[in-house]
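One structure is given below, encoded as structure tokens.
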Number of protein chains: 2
Amino acid sequence: MPRAQREEQILTVAELVFAENGYSATTMEDIAERVGVTKPLIYEYFGSKEGLLSACITRARTQLREATESAWESVGPTASLEEVFRAGIHAFFTFIDGHATAFVLIQQEGAVASQASPLIESIREQQSAATVAAFRAAPSLAGVPETLLEGYAEVVIGACERLAVWRTTRPDVGVEDATDIVVSSVWGGLAALVPSAG
Amino acid sequence: MPRAQREEQILTVAELVFAENGYSATTMEDIAERVGVTKPLIYEYFGSKEGLLSACITRARTQLREATESAWESVGPTASLEEVFRAGIHAFFTFIDGHATAFVLIQQEGAVASQASPLIESIREQQSAATVAAFRAAPSLAGVPETLLEGYAEVVIGACERLAVWRTTRPDVGVEDATDIVVSSVWGGLAALVPSAG
DNA sequence: GCCGGTAACTTACTGATGGTAAGTTGCCTT
DNA sequence: AAGGCAACTTACCATCAGTAAGTTACCGGC
């Protein structure tokens, strides 16, 4: 099997096993066995156990960001800032619903090495940057200082991630409900930034 | 040395070492050596490596919650809901500023066992519960449904934790700035809940 | 249609480390 | 003094991350 394809396969299996058993309880042989190869091949491709986790998280975070960006784009150019805002949040919760293992994995970020693996951190920043870019694209937010915009983006992302965790213990809270909670709690503050409207 | 005292000492060292090197890169002997005891004693007291991490996280989260609650209490009974709200958030960021290792540790939660170890999860819930209780104590929020209140609490906590991470790469953003960002982005939504005012 | 090379993959191993069994020391109570 | 328990150690095992040294099979060039 060609390398690229095998790597994808390993990542998929690893994501599942890491999410099921947790990082430290998972052995490289568990993963190798379920893929149908032997350990050294995985080391050849990913370097180390942490490297494998990093690769899994990077892929999951990239998928998450792409899902969000795609929602922003598909909302149409005539949409109001609030519509764009809501669409992104809705896409976030929808993605989590369909990729539970990926999300469990993202929470295992802390398991990876000390000096916050710069790779992981850069991927994380990409999502903040994308959110900031979405804000900045809105003409109504033109005059708002960059730092404030970044702070708001972090607030929204933090709120979404935490609510996603909360939702795993509250099956009665659907995607729409979660979206409503985020929008209604944070939208007011964001709207207050735009000079003209409220 | 009496057990209770030794346990505190071990927790303090472990918190430091885990925060410095990350969970999987630290060995039990690293910790034992820096404490000045041998491995089996730590196992006697904390059961396992994960047990030790759990104990560290539990202590750190408890301290964090207590700092927040204490701020709520000391704000006085005549304070408005907004003042209470702001005081809690301010206390949060102040605590993080003074306990960097504890906070790095809290982010390592994901490193601990599979299906979110019930112990860790219960500690996490304590903070949400405390925040909800603070909301509920406000007469103006009397009629708001419980689920919504819980959702808002999660939003605020998520926003604060994420901003705290962000702040580690933005030294120019002080405690006051971070507090302002959270209050200004989320307060509007919370205020909208109270029937009479806006 | 053989042949050199490389990509995909394996067997067989090592060292580190999480975890444990079986003590040893010393204080504290009776 | 004796008994017992709490604090702590030495010496060990088993597992698992990581590696060295191959082996197989495909693929391009002559």
Side-chain angles (χ1 to χ4, degrees), chain A residues 1-58 105 108-115 117 119-120, chain B residues 1-58 105 108-115 117 119-120:
Chain A
M1 187 179 296
R3 174 163 180 159
Q5 192 180 339
R6 183 67 89 188
E7 280 181 350
E8 277 300 307
Q9 187 194 10
I10 292 171
L11 286 177
T12 301
V13 170
E15 177 176 309
L16 187 69
V17 180
F18 279 142
E20 266 176 6
N21 306 340
Y23 175 71
S24 49
T26 302
T27 76
M28 293 298 264
E29 260 173 19
D30 284 348
I31 295 168
E33 197 177 340
R34 279 175 73 163
V35 172
V37 297
T38 53
K39 236 181 359 167
L41 189 70
I42 301 183
Y43 278 94
E44 173 87 21
Y45 289 171
F46 297 97
S48 67
K49 191 182 177 184
E50 278 191 7
L52 180 57
L53 213 216
S54 290
C56 286
I57 293 173
T58 299
L105 199 83
Q108 307 233 338
E109 256 176 22
V112 96
S114 59
Q115 311 306 36
S117 158
L119 190 84
I120 299 284
Chain B
M1 186 177 297
R3 174 165 181 160
Q5 192 181 338
R6 185 66 89 188
E7 281 181 352
E8 276 302 306
Q9 187 194 10
I10 293 172
L11 285 177
T12 302
V13 171
E15 177 176 306
L16 187 70
V17 180
F18 279 142
E20 264 175 8
N21 306 339
Y23 175 70
S24 50
T26 58
T27 75
M28 293 298 265
E29 258 173 21
D30 283 349
I31 295 168
E33 197 177 339
R34 281 175 73 163
V35 171
V37 297
T38 51
K39 238 183 354 167
L41 190 69
I42 302 184
Y43 279 94
E44 173 85 21
Y45 289 171
F46 298 97
S48 67
K49 191 181 178 183
E50 277 192 6
L52 180 58
L53 214 217
S54 289
C56 287
I57 292 174
T58 299
L105 200 84
Q108 306 234 340
E109 257 175 20
V112 97
S114 56
Q115 304 301 27
S117 139
L119 188 88
I120 298 288

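Since the model is a prediction, treat every value here as computed from it, not as a measurement.
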Expected list for residues 39-49 of chain A: side-chain donor-acceptor pairs under 3.5 angstrom, two or more places apart:
from: A:Ser48; atom 1: OG; to: A:Gly51; atom 2: N; distance (Å): 3.0
from: A:Lys49; atom 1: NZ; to: A:Tyr23; atom 2: O; distance (Å): 3.1
from: A:Lys49; atom 1: NZ; to: A:Thr26; atom 2: O; distance (Å): 2.8

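Residues A:Leu16 and A:Arg34 have side chains in contact (heavy-atom distance under 4.5 Å, counting atoms from C-beta outward).
Here the shortest heavy-atom pairing between A:Ala55 and A:Leu11 reads CB-CD2, 3.6 Å. Pairing each heavy atom of A:Glu109 with each of A:Ile57, the nearest pair is CA-CD1, 3.8 Å. Closest heavy-atom contact between A:Asp30 and A:Ala25: OD2-O, 4.2 Å.
Using a 4.0 Å cut-off, no side-chain N or O of B:Arg6 falls inside it from OP1 or OP2 of D:dA6.
Close approach of DNA chain C to chain B, defined as any atom under 4.0 Å from a non-hydrogen atom of the protein, starts and stops at C:dT17 to C:dA21.
In this structure, A:Phe46 places its CZ atom 16 Å from P of D:dA17, rounding to the nearest Å. If you measure from atom CD of B:Glu44 to atom C1' of D:dC5, you get 12 Å, rounded to the nearest angstrom. Between the P atom of D:dT10 and the CG atom of B:Leu41 lies a distance of 12 Å, rounded to the nearest Å. The interatomic distance linking A:Phe18 (CZ) with D:dA17 (P) rounds to 9 Å, in whole Å. As a whole-Å value, the separation of A:Leu52 CG from D:dG18 C1' is 14 Å.
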Mind running side-chain contact (heavy atoms from CB on, under 4.5 Å) on A:Gln9 and A:Val37 for me, showing each step along the way? CA-CA 11 Å; A:Gln9 187 194 10; A:Val37 297; 5.9 Å; no

Applying side-chain contact (heavy atoms from CB on, under 4.5 Å), run through A:Leu52 and A:Met28 and close with a yes or a no. CA-CA 9 Å; A:Leu52 180 57; A:Met28 293 298 264; 4.1 Å; yes

Could you please spell out the steps behind the side-chain contact (heavy atoms from CB on, under 4.5 Å) verdict for A:Thr12 and A:Val35? CA-CA 9 Å; A:Thr12 301; A:Val35 172; over 6 Å; no

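Toward the 5′ end of DNA chain C lies the nearest nucleotide of A:Pro2, the other residue of the pair B:Tyr43 and A:Pro2 mapping further downstream. Where B:Pro40 and B:Ala4 meet DNA chain D, the nucleotide closest to each residue was compared, and B:Ala4 sits on the side nearer the 5' end.
B:Ser24 OG to A:Leu53 CG: the interatomic distance, rounded to the nearest 0.5 Å, is 8.5 Å.
For DNA chain D, the neighbouring residues in residues 26-39 of chain B, judged by any heavy atom under 4.0 Å, are B:Val37, B:Thr38.
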